[in-house]
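For reference, the structure is listed below as structure tokens.
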Amino acid sequence: MSQADDQHRDSSHAELIDVEINKQRQVIYTLWFIFMSILFGFSVLALVEGRSNWGMVLLASTVVCAVYLLHERHFNKDVPGLTIPNLTLLLLVAVLTITGAVEKTGPLFIYAIVIMGVLTNNFRGAALFGASTIGLLLLLLFVFDDMLLQVEYSQAMKTRLIYSMTVLLWVALIGSYYQDEAQEVTHRLHQRVHRLAYFDSLTGLTNRSSFRRWLQRSLERAQRDGSGLALIYIDLDNFKQVNDRFGHSMGDRVLATFGERLSDCLRPTDNSLHMVSTEDIARLAGDEFIVILQDVSEPRVAELVARRILAMFENGFLVDDLNTSVTCSIGIAFVEAGQESAETLLNNADAAMYKSKQKGKNRYEFFSEKIAAVMQERHRIEAGLQDALASNGFNLVFMPIYEANTLRIVGFETLLRCETPELQGIGPDRFIPVAETTGQIKRIDLWVLENSMAALRTLCAEQGFEGIMCVNISALELQNGEFPAQVDYVLRKYGIRPAQVELELTETSEALYDQASLSTLEELKSLGVGLSLDDFGTGYTAFNQLVKFPVDCLKIDRSFVNSLFQQDNAKGQMVEIIKNLAGLYNLRVVAEGVETRQQLAYLQQIGCNWLQGYLLSQPLSYQDFSDLLREHTPLSHHAEAASGLTRTINAWR
Ligand code: C2E
Ligand code: CA
Ligand code: CA
């Protein structure tokens with residue numbers, strides 16, 4: 001059921017209750033009014049007759065009742081109980097008073113009855129009941145006594161009865177005052193819960209869950225009417241930087257401002273733009289927003305809307321006089337006659353948005369067949385990973401790392417392989433990014449850690465291996481507060497010296513650069529493990545950020561090594577730049593992807609510390625790597641490589 005439906009049902013329900021309450025209130029007010037008049041009459045009578053104490057009590061009661069009535073009128077919505085049981089009790093009181101019961105013990109029973117009435121009601125009900133009882137007793141004992149009473153009560157007895165009833169009434173009145181306050185609070189809480197359930201608290205836009213229901217309804221309607229529907233998926237670009245640079249409260253303001261401007265921009269003043277209602281605009285999560293365009297004749301309409309949204313960013317996105325570098329990427333999914341599930345449509349728009357981000361941000365993109373194919377592959381990969389996780393379909397291979405000067409094996413990098421049929425021919429460079437978006441990466445990283453440590457333990461125990469083991473982990477783990485503890489756990493479990501382990505983080509991940517990540521890095525560092533920045537040079541690290549980074553090693557990306565000695569050597573020059581930079585910060589440099597002797601010679605010559613590449617060794621199975629270690633005679637290797645090196649360097653010069 002849609003949010004609008006819910007709201008509609010809620011409001012009509014509330015209206016019904018209101019009518020009901022009003023009717024009951026009318027009755028109750030009338031009763032109160034009669035009772036008060038009688039009370040007032042008696043107080044005047046008592047005062048005139050000179051019984052001033054008694055008169056004052058009655059007068060005060062009248063005033064309290066009047067105040068209560070006014071209060072009730074202004075502040076209260078629901079009704080105290082003038083219920084059938086209460087009326088029955090009142091009847092009993094009347095009978096007991098009139099007949100006096102056995103030997104005039106009636107009034108004694110009345111106490112018990114009234115106390116029962118008070119206990120079985122809430123305060124407000126009790127007050128009403130108490131007031132009615134007093135009114136009744138006054139009438140019977142003082143007005144119609146001659147006419148109705150079958151026994152005669154002493155003046156003292158009558159006074160005692162009325163007096164104690166009045167005390168009870170007061171207690172109930174005071175209680176009911178506090179009860180009202182409590183109800184007021186509950187009411188406000190209810191409203192807040194309602195808002196939280198349907199709306200996003202930051203922007204006031206529809207929230208994710210109610211948006212889903214609304215989309216479902218919209219699609220059903222589109223199907224009925226045979227009309228077109230478009231989804232516009234919006235994701236802010238560079239929002240993370242705003243958070244990091246200016247703090248989260250500024251980030252919140254940017255989101256709130258965008259929400260407002262988005263609503264304004266979609267509420268057209270002319271007829272050139274499609275009408276969009278409040279429910280059609282939602283914030284899905286973080287910096288992701290979405291708009292439904294109902295009753296769209298053709299995709300072009302959605303395009304116009306997307307352009308209009310992008311236009312908001314044309315002259316920079318100003319918030320509080322601050323020009324944030326925020327823009328937005330938009331994905332559009334269009335569907336005829338609601339022929340798509342809400343889930344699929346959302347995924348399609350999301351995928352299109354993702355594409356527009358990839359293509360350079362601050363633009364829009366329609367969902368297309370090509371994107372559909374990519375998505376299909378992602379689904380296949382996701383299923384394959386699921387399979388592999390369930391059936392232990394993963395496997396590790398081991399790539400030796402060599403010291404550049406001596407070509408001695410100083411360590412190895414574990415690399416993940418997946419052997420399930422769905423993932424035949426698909427390497428980690430393709431399946432790891434999928435695992436990162438599906439969240440499977442956490443379990444995968446743990447599997448890798450666990451199995452790498454197990455292998456390292458065997459190598460240490462059987463061969464006295466003392467080198468370094470490099471393990472790739474997703475940068476997403478830096479946002480995972482439990483990760484350092486998990487690393488600590490496996491280190492202990494396998495009795496590994498932390499100094500023998502180095503965790504590799506890919507430098508291209510934006511997630512590396514916020515405060516949470518930095519503190520996770522520090523925590524990892526304090527365990528004693530090494531850290532390295534993988535694929536260095538391709539990512540975002542501003543060189544001066546390196547100071548803050550607790551890393552030990554930079555791994556030069558394979559593409560740079562690959563470009564050495566190519567026609568356009570601009571990229572190749574990065575190798576030396578990175579090497580010098582690492583020297584500046586006292587970091588170890590590892591060059592990856594060494595495939596030719598020429599590259600090897602050059603890397604040795606500029607003083608790279610460690611090397612990896614197909615020239616030296618391909619990634620190996622555990623058995624092959626273990627054999628290689630056993631047979632590894634660095635000196636002969638070294639001699640051969642060194643003579644080759646001299647030749648190459650000479651040729652190169
Ligand atoms: P990476 O960490 O940069 O790993 C190096 C990749 O380059 C490996 O590919 C390796 O086989 C390949 N490589 C090394 N030397 C050469 C060479 O000389 N020539 C060529 N053509 N390739 C070379 P692989 O195993 O396919 O891994 C690709 C990427 O997948 C890795 O890049 C890493 O980012 C990720 N990855 C691999 N294993 C894991 C893992 O266990 N966990 C995580 N989170 N990511 C992993
Ligand atoms: Ca790596
Ligand atoms: Ca790399």
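Reckoned from all heavy atoms, side chains included, excluding hydrogens, waters and symmetry mates. Atoms within each ligand, like the ligands themselves, are counted from 1 in listed order. Here the structure is a predicted model, which is why all the values come from computation and not from measurement.
E413 has its closest N, O or S atom to the Ca ion (ligand 2) at the position named OE2.
Residues D534 and T506 have side chains that never bring a donor and an acceptor to within less than 3.5 angstrom of each other. With hydrogens and angles left out, the side-chain atoms of E523 and S526 include no donor and acceptor closer than 3.5 Å. Checked by atom type, the side-chain pair S210/N207 shows a donor-acceptor distance below 3.5 Å. A side-chain donor from one of E413 and Q612 sits under 3.5 Å from a side-chain acceptor of the other.
Which of L476, D445, V471 comes nearest to atom 44 (N) of ligand 1 through a heavy atom is settled by distance: it is D445. If you check each of P428, S452, C470, C418 against atom 26 (O) of ligand 1, the one with the closest non-hydrogen atom is P428. The closest non-hydrogen atom to atom 40 (C) of ligand 1, taken over N472, L616, N562, L505, comes from N472.
Within the structure, the closest approach of M399 to ligand 1 falls below 4.0 Å when heavy atoms are considered. Within the structure, the closest approach of G427 to ligand 1 does not fall below 4.0 Å when heavy atoms are considered.
Listed by atom number, the atoms of ligand 1 under 4.0 Å from D535 heavy atoms are 3 (O). Close contacts between ligand 1 and G613 involve ligand atoms 15 (N), 18 (O) [criterion: under 4.0 Å to a heavy atom]. Per-residue contacts place E595 under 4.0 angstrom from the following atoms of ligand 1 (heavy atoms of the residue considered): 17 (C), 18 (O), 19 (N), 20 (C), 21 (N). Listed by number with element, the atoms of ligand 1 under 4.0 Å from a non-hydrogen atom of S474 are 44 (N). Close approach of ligand 1 to V594 is summarised as follows: ligand atoms under 4.0 Å from at least one heavy atom of the residue are 18 (O). Close approach to G593 involves these atoms of ligand 1, each under 4.0 Å from a residue heavy atom: 15 (N), 16 (C), 17 (C), 18 (O). Interface atoms of ligand 1 facing E413, defined by a heavy-atom separation under 4.0 Å, are 2 (O), 4 (O). Residue I473 has at least one heavy-atom neighbour below 4.0 Å for each of these atoms of ligand 1: 44 (N).
Using a 4.0 Å cut-off between heavy atoms, V448 contacts ligand 1 through its side chain alone, with no backbone atom that close. With a 4.0 Å cut-off on non-hydrogen atoms, R558 touches ligand 1 through its side chain and not its backbone. Counting heavy atoms closer than 4.0 Å to ligand 1, residue P619 contributes side-chain atoms (C-beta onward) but none from N, CA, C or O. The backbone and the side chain of L415 each have at least one atom closer than 4.0 Å to an atom of ligand 1 (non-hydrogen atoms only). Residue-level proximity to ligand 1 for E592 is carried by the side chain, the only part with a heavy atom below 4.0 angstrom. Contacts with ligand 1 closer than 4.0 Å are made by side-chain heavy atoms of D534 only, the backbone lying farther away.
Counting heavy atoms from C-beta on, the side chains of I426 and R380 come closer than 4.5 Å. At a threshold of 4.5 Å between non-hydrogen side-chain atoms, the residues I409 and L628 count as touching. Here the side chains of F398 and T414 are in contact, with some heavy-atom distance below 4.5 Å. Proximity of L620 to V397: side-chain heavy atoms (C-beta onward) are nowhere separated by under 4.5 Å.
Here D535 fails the criterion, with no N, O or S atom under 3.0 Å of the Ca ion (ligand 2). For residue S532, no N/O/S atom approaches the Ca ion (ligand 2) to within less than 3.0 Å. With a cut-off of 3.0 Å, the Ca ion (ligand 2) has an N, O or S atom of D534 in range.
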Walk me through whether F565 and Y602 qualify under side-chain contact (heavy atoms from CB on, under 4.5 Å). CA-CA 10 Å; F565 314 109; Y602 173 75; 3.7 Å; yes
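Once rounded to the nearest 0.5 Å, the distance linking NZ of K361 with CG of L236 reads 11.0 Å. Rounding to the nearest 0.5 angstrom, the gap separating the CE atom in M353 from the CD1 atom in I234 is 10.0 Å.
Under the ring-ring contact (aromatic ring centres under 6.0 Å, His included) criterion, no residue pair touches residues 340-363, with sequence neighbours excluded. Sorted by first and then second residue, the pairs that involve residues 460-490 and meet ring-ring contact (aromatic ring centres under 6.0 Å, His included), not counting sequence neighbours, are F412-F465.
A donor-acceptor contact shorter than 3.5 Å links the side chain of T206 to the backbone of I281.
In this structure, OE1 of E504 and OD1 of N472 enclose an angle of 90° at the Ca ion (ligand 2), rounded to 10°.
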